[in-house]
Amino acid sequence: MPELAEVDYFRRRWDPGLRRKVAAVSLNSKARVGRGLDKQAMTKALVSAKLLESFAAAKQMAFRFSGGIWIGVHLGMSGRLECGDTTREPTNYDHFVLTMTGGKQLVFVDPRQFGRILFWQGPGVPPWWEKIPPAILSDEFTVGVVGAFLRRRARTSIKAVLLMQESFPGIGNWMADEVLWRAGFHPEAKAGAFGPLSVRKLYRILREVCADAMQVIGKDWGDPPASWLFNHRWKDGGSCPRTKEPLHRAEVGGRTTCWSPARQRLGAERR
DNA sequence: ATTCTTGTTGCATC
DNA sequence: AGATGCAACAAGAA
């Protein structure tokens, strides 16, 4: 589920733990979300550490604790962060629980376990955090960068290319479809076919969708307006909010993709 | 019962 | 070497 804005929303679910110390750590040792973790070292380091601040970038979160301790969270497909007190009813998928002083519990829940917990202790910033590419809404994300990447992935569908985190950090299935729908490009258009005008348009709409998502969803999981594709894409028999023509669904780039054939035609990307 | 899923990775192949 | 495509991971929902 979680893409750019949802990730930032979930990051803030743990805000009640800020400036509190970790009283106890509970990590389901068999859970896949902890693969590759030095669980003992992590638990040992975390106890008594104070949660100082948190960050979200792309689909990742980082929580910084005193002592140069960092916990990274990737929510995968079905992960979420919750906060509760000692009366909270546990779920079957509470893989990682930090009990803070005062009884607040910070919980990572993930039924499908495509998500992941990372741990790092040391000076500076964890390597896995540093290597996240510049945000789409940052100054470093330029038209030139987008154009170069589209040329590099020339023979791949634009839909699949938009899902590549190395260049479009935070974009997931619904955001990719939203971008292509707003921009009027067919999801199966080859990335290499995009002309200069189209690259610029794609770039502009990418930033627009990211900004809109942060505004509407990132804030408090608000429902996007009916004018977005978002609310129509999974409905059988759904229709395009702009043309009122039927939406079409098919697998593109290995993912279910929804588009409006009336306004997303192959060839429009050549300009 | 069957098929679907808002993600990533590792591997085979081109 | 670099690009490309796809199965695999797991479990709830429809």
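Quick caveat: nothing in here was measured; it's all calculated off a predicted structure. Note: hydrogens, waters and symmetry copies are ignored here, and every other heavy atom, side chains too, is used. First the proteins, then the strands, lettered A, B, ... as listed; each starts at 1.
Distance check, rounded to the nearest 0.5 Å: CE of A:Met175 to CG of A:Leu206 gives 8.0 Å.
Rounded to an integer number of Å, the gap from A:Arg35 CZ to C:dA8 P is 17 Å. The interatomic distance linking A:Phe10 (CZ) with B:dG7 (P) rounds to 13 Å, in whole Å. When rounded to the nearest whole Å, the span between CD of A:Glu6 and C1' of B:dG7 equals 13 Å. Atom P of nucleotide C:dC6 and atom CZ of A:Arg155 are separated by 13 Å, given to the nearest angstrom. Protein atom CZ of A:Arg32 is 13 Å distant from nucleotide atom P of B:dT8, rounded to whole Å. When the C1' atom of C:dT4 is taken as reference, atom NZ of A:Lys190 falls 10 Å away, rounded to whole Å. One can place CD1 of A:Ile117 at 15 Å from P of B:dT8, the figure rounded to the nearest angstrom. Regarding A:Arg153, its CZ atom lies at a distance of 6 Å from the P atom of C:dA3, rounded to whole Å.
Relative to the side chain of A:Thr156, the nucleotides B:dG7, C:dG5, C:dA11 differ in distance, and C:dG5 lies closest. For A:Glu3, taking side-chain heavy atoms from C-beta onward, the closest of the listed nucleotides C:dA11, C:dT4, B:dG7 is B:dG7.
Nucleotides C:dA1 and B:dT9, compared at atom P, are 22 Å apart to the nearest Å. Comparing the P positions of C:dA7 and B:dT3 gives an interatomic distance of 15 Å, to the nearest angstrom. Remark: the separation of the C1' atoms in C:dC9 and B:dA1 is 22 Å, to the nearest Å.
The local environment of NZ in A:Lys44 is sparse, with at most 12 non-hydrogen atoms from other residues, nucleotides or ligands closer than 6.0 Å.
Closest approach of A:Phe168 to A:Leu162, counting heavy atoms only: CB-O, 3.5 Å.
Two rings, from A:Trp70 and A:Phe63, have their centers 6.0 Å or more apart.
Between A:Gln165 and B:dT8 there is a side-chain N or O to OP1 or OP2 distance below 4.0 Å. For the OP1/OP2 pair of B:dG7 and a distance below 4.0 Å, the side-chain nitrogens and oxygens of A:Arg255 include at least one atom meeting the criterion. An OP1 or OP2 oxygen of B:dG7 is reached within less than 4.0 angstrom by no side-chain nitrogen or oxygen of A:His74. Checking the phosphate oxygens (OP1, OP2) of C:dA3, a side-chain nitrogen or oxygen of A:Arg152 falls inside 4.0 Å. Remark: A:Ser78 is not in phosphate contact with C:dA11, judged by side-chain N or O atoms under 4.0 Å from OP1 or OP2.
Residue contacts shown for A:Ala154 are limited to sugar-phosphate atoms, with no base heavy atom under 4.0 Å away. At the heavy-atom level, A:Gly172 lies under 4.0 Å from the strands shown only through sugar-phosphate atoms.
For A:Asn173 and A:Arg116, each mapped to the nucleotide of DNA chain B holding its nearest heavy atom, the one lying further toward the 5' end belongs to A:Asn173. Mapping A:Met164 and A:Pro111 onto DNA chain C by nearest heavy atom places A:Met164 at the nucleotide closer to the 5' end.
For A:Arg12 and A:Phe10, the positive end is not near the middle of the six-membered ring at less than 6.0 Å and at most 45° from its axis.
In this pair, A:Phe114 lays its aromatic ring flat on the base of C:dC9, centres within 5.5 Å and planes under 30 degrees apart.
Using modelled atom types and a 3.5 Å distance limit, the side chains of A:Thr101 and A:Lys21 yield no donor-acceptor pair.
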